[in-house]
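Just so you know, ligand 1 is whichever comes first in the structure, and atom 1 is the first atom listed for that ligand. In what follows, every heavy atom counts, from backbone to side chain, and hydrogens, waters and symmetry copies are set aside. Here, residue 1 is the first one in the sequence, and each next residue gets the next number.
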Amino acid sequence: MKPQDFDKTVSPISVAHFSQYKLMNLLLQRLEKLGFSVCSPSEIEGSIWDRKILMGHECISIHPTNEGLKVGTSYLKEGKMEEREFHCSILVGSDGARSTVRKLVDIDMKGERNLQRLVSVHFLSKDLGQYLLHERPGMLFFIFNPDAIGVLVAHDLDQGEFVLQIPYYSPQQKIEDFSFKDTFNLIQVCEQIILKLVGWKLVDVQVLDIKPWVMHAEVAEKYVSHNNRVILVGDAAHRFPPAGGFGMNTGIQDAHNLAWKISSMLSGIASPSIIQTYEMERRPIAIYNTSLSVENFRAAMSVPAALGLDPAIANSVHRVINSSLCSIFPPSLQKFALEGIFSIGRAQLSELILNENNPLGSLRLSRLKKIFDEGKSLQLQFPAEDLGFCYKEGALVAECGEKRWESEASSVHKRDLRPYIPCAKPGCRLPHMLINALKESSAKASFSTLDLISGDKIEFLLIIAPIKGSYRLARASMMVAKEFDVPLKVCIIWPKGSSDKNVNSSEKELEPWKNFIDVEEAVKPTSKSWWELCQMSSNEVILVRPDEHIAWRTESNGIADDLLELKRVFSLMLGHGKFLL
Ligand SMILES: Cc1cc2nc3c(=O)[nH]c(=O)nc-3n(C[C@H](O)[C@H](O)[C@H](O)COP(=O)(O)OP(=O)(O)OC[C@H]3O[C@@H](n4cnc5c(N)ncnc54)[C@H](O)[C@@H]3O)c2cc1C
């Protein structure tokens with residue numbers, strides 16, 4: 001990461017590398033603060049499941065009923081498998097890449113399968129952490145040497161926490177070859193591989209976990225089924241190579257997109273059809289991120305390919321050994337042949353070959369240099385995609401003639417590093433700018449425009465400038481929101497330096513509505529104003545959804561009938577066909 005990744009210009013939060021299991025614990029703590037309780041199967045009695053997180057329950061069946069769904073689960077209690085049924089109105093399948101929910105409702109995946117098989121080894125070694133911290137600080141280490149190949153992810157150099165990814169080829173190589181389930185000796189297999197990769201014996205390796213996984217690049221054909229009652233999110237809906245770190249980030253975006261829609265539907269604000277907009281909005285993003293991750297994965301593979309270790313060749317060799325031709329040989333011989341061929345391949349990494357005096361080695365080294373000089377290997381930062389993802393259609397009012405963001409993006413090479421350019425078009429995420437609340441204690445720190453959105457309740461936000469036409473539209477919005485039972489807050493953004501002026505006009509202009517906030521831009525004199533940042537004129541207003549995406553944007557003085565237009569907007573956003581004009 002570069003220093004500018006931490007400068008918080010485009011977001012109030014900087015980029016972070018954070019282990020998933022630690023995030024999981026934080027999420028559980030947060031849920032407990034919100035009144036949920038985490039229960040193990042033995043702690044669960046009775047039939048009140050409200051606000052309970054039932055650990056150890058595995059979904060095994062789904063049946064539609066007149067009222068909703070009947071979901072069967074199994075769990076282990078005192079050494080015995082038991083079953084329990086739940087009745088629910090909505091089931092969100094967030095059960096990962098091998099989703100049972102997805103299979104039970106017969107949703108297929110589309111894309112490329114089995115790109116690569118790997119084993120993940122989670123281990124601790126302060127010895128290695130300290131060495132890297134002082135000699136070669138970094139996050140990802142791609143290690144190619146004649147004895148072994150692997151990718152080392154440094155989760156915490158200080159604590160010496162790592163995850164090692166090792167390619168493996170089944171059925172000749174078996175996960176038991178790496179696993180420490182049965183004997184102490186098998187842990188040593190991993191330790192041996194770590195030793196080969198690191199190049200010297202670490203005194204304190206502690207293997208915590210070993211897990212196999214398969215890399216796919218697939219997206220579910222649909223995200224929603226059973227009359228909007230069964231919904232897929234996260235890896236259950238899409239699974240792609242980890243290159244670029246899109247997997248969980250895309251899943252979190254799914255959940256953020258879906259949460260307010262489910263809540264609005266259950267509270268009666270929105271029609272059940274709003275759930276369809278989840279698929280309309282999120283599936284194209286998953287398709288885009290899938291191809292971006294595949295492209296990035298292939299770029300990462302250009303490094304071993306330049307060294308003469310093309311993974312495509314390794315996979316072809318493996319296919320031949322798996323073919324019927326070779327299946328006549330005993331498995332042990334197949335394994336021996338595979339490992340023999342791979343060790344011949346890895347021998348190309350020896351200093352004997354890979355040196356400037358050897359014509360082949362020198363050619364490979366210069367190819368490698370070119371890849372790195374041109375930034376053509378793995379890319380880790382994708383600001384345009386991480387923050388600039390935008391919905392073309394869904395729970396929003398698209399601008400006429402608006403180009404699809406994908407087509408704009410596809411005009412350039414997908415992996416080209418594109419900066420995030422804040423944009424306030426419908427479908428885009430609300431841009432971040434630091435602001436100060438007016439009329440509040442002057443000691444109050446600046447906060448982000450993103451913090452205007454309430455994190456814990458459904459509330460829409462209308463952002464306006466302090467001008468007559470926009471106040472008029474804000475009053476009409478409040479009136480229509482009340483009619484639709486939709487909580488709405490108005491934010492009036494004043495230019496920097498307005499705290500000295502009389503900003504009481506908002507109260508008078510918005511009478512009788514009280515849910516508004518006056519803020520001023522907390523920008524440096526050289527920075528852009530809010531309206532310049534959003535590429536809007538100050539008589540434009542934007543309506544923001546509870547997930548921080550913009551639903552509607554208009555010129556406040558360009559509407560013939562404010563109330564009629566706002567009814568159209570709220571109807572489209574909430575899926576109320578009956579109000580459509
Ligand atoms: C090596 C590697 C590196 C990665 N790096 C990144 C990265 O840098 N950034 C990033 O954003 N993403 C990354 N990812 C992807 C990320 O890990 C996944 O996208 C993410 O874990 C998906 O979250 P999820 O909650 O959808 O599924 P999971 O994390 O798989 O969670 C699914 C949960 O459902 C449970 N479950 C399974 N079946 C059932 C059932 N029948 N009933 C009930 N529960 C069930 C499981 O026990 C599990 O707890 C990486 C993935 C890999 C393999």
Side-chain angles (χ1 to χ4, degrees), residues 1 15-28 38 41 53-62 71-76 81 83-86 88 91-105 109 115-122 139-142 150-155 162-168 209-220 223 230-258 282 285-286 289-290 292-293 296-297 300 378-382 385-386 389:
M1 293 179 190
V15 172
H17 176 215
F18 195 62
S19 308
Q20 189 171 343
Y21 76 93
K22 293 180 186 166
L23 177 66
M24 195 73 87
N25 289 338
L26 281 186
L27 290 175
L28 286 174
V38 178
I53 300 168
L54 311 178
M55 290 302 196
H57 283 62
E58 189 178 338
C59 171
I60 51 170
S61 66
I62 302 169
V71 178
T73 64
S74 68
Y75 59 96
L76 196 64
M81 279 318 270
E83 293 190 4
R84 178 179 277 142
E85 276 181 351
F86 296 89
C88 57
L91 174 70
V92 180
S94 57
D95 52 345
R98 281 177 286 176
S99 171
T100 302
V101 171
R102 186 182 67 225
K103 287 175 199 142
L104 287 173
V105 297
M109 300 294 273
L115 295 176
Q116 187 79 55
R117 277 174 200 276
L118 294 115
V119 179
S120 256
V121 183
H122 183 191
M139 187 182 93
L140 278 175
F141 300 85
F142 290 79
V151 180
L152 186 67
V153 188
H155 278 257
F162 300 91
V163 175
L164 175 65
Q165 303 294 344
I166 316 166
Y168 94 106
D209 198 10
I210 303 171
K211 274 204 183 101
W213 62 281
V214 186
M215 195 188 288
H216 306 286
E218 294 182 306
V219 177
Y223 279 21
V230 181
I231 308 163
L232 302 180
V233 303
D235 276 18
H238 43 72
R239 42 192 195 181
F240 26 82
F246 279 102
M248 189 169 60
N249 285 296
T250 308
I252 291 172
Q253 290 167 10
D254 291 342
H256 197 201
N257 183 290
L258 182 60
R282 294 302 309 163
I285 304 289
N289 287 352
T290 306
L292 187 60
S293 306
N296 204 22
F297 167 65
L378 180 77
Q379 190 180 302
L380 290 174
Q381 298 280 335
F382 289 89
E385 288 76 14
D386 287 338
F389 63 98

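Put simply, atom 22 (C) of ligand 1 has protein non-hydrogen atoms near it, under 4.0 Å away. The protein reaches atom 36 (N) of ligand 1 closely, with a heavy atom under 4.0 angstrom from it. For atom 49 (O) of ligand 1, no protein heavy-atom neighbour is found at a distance under 4.0 Å.
Between Asp235 and ligand 1, at least one pair of N/O atoms sits closer than 3.5 Å. In terms of polar-atom proximity, Asn249 is counted as a contact of ligand 1, with an N or O under 3.5 Å from an N or O of the ligand. Between Gly245 and ligand 1, at least one N/O pair is under 3.5 Å apart.
Residue contact check: Gly234 has heavy atoms under 4.0 Å from atoms 26 (O) of ligand 1. Near Thr100, meaning under 4.0 Å from any of its heavy atoms, are these atoms of ligand 1: 41 (N). Set against the non-hydrogen atoms of Gly247, the atoms of ligand 1 under 4.0 Å away are 10 (C), 11 (O), 12 (N), 15 (C), 19 (O). Heavy-atom proximity to Glu58, at under 4.0 Å, picks out these atoms of ligand 1: 40 (C), 41 (N), 42 (N), 43 (C).
Of all protein heavy atoms, the one lying nearest to atom 27 (O) of ligand 1 is Gly96 CA, 3.5 Å. If you check which protein heavy atom lies closest to atom 3 (C) of ligand 1, you get Pro242 CB, 3.5 Å.
Taking each of Met248, Gln20, Gln253, Arg239 in turn, the one with a heavy atom nearest to atom 11 (O) of ligand 1 proves to be Met248. Across the listed options Pro241, Gly93, Ala237, Cys59, Cys59 owns the non-hydrogen atom lying nearest to atom 42 (N) of ligand 1. In this comparison of Gly244, Ser94, Gly56, Ser74, the heavy atom closest to atom 25 (O) of ligand 1 sits on Ser94. When the options Leu140, Leu54, Asp95 are ranked by their closest heavy atom to atom 38 (N) of ligand 1, first place goes to Asp95. Looking at Tyr75, Trp213, Phe240, it is Trp213 that brings a heavy atom closest to atom 53 (C) of ligand 1.
Side chain of Asn249 to backbone of Asp386: no donor-acceptor contact under 3.5 angstrom is found.
Counting non-hydrogen atoms of neighbouring residues, nucleotides and ligands closer than 6.0 angstrom, the NZ atom of Lys103 exceeds 12 such neighbours.
In this structure, His57 counts as a contact residue of ligand 1, since one of its heavy atoms falls inside 4.0 Å of the ligand.
Counting heavy atoms under 4.0 Å from ligand 1, residue Gln165 touches it through the side chain alone.
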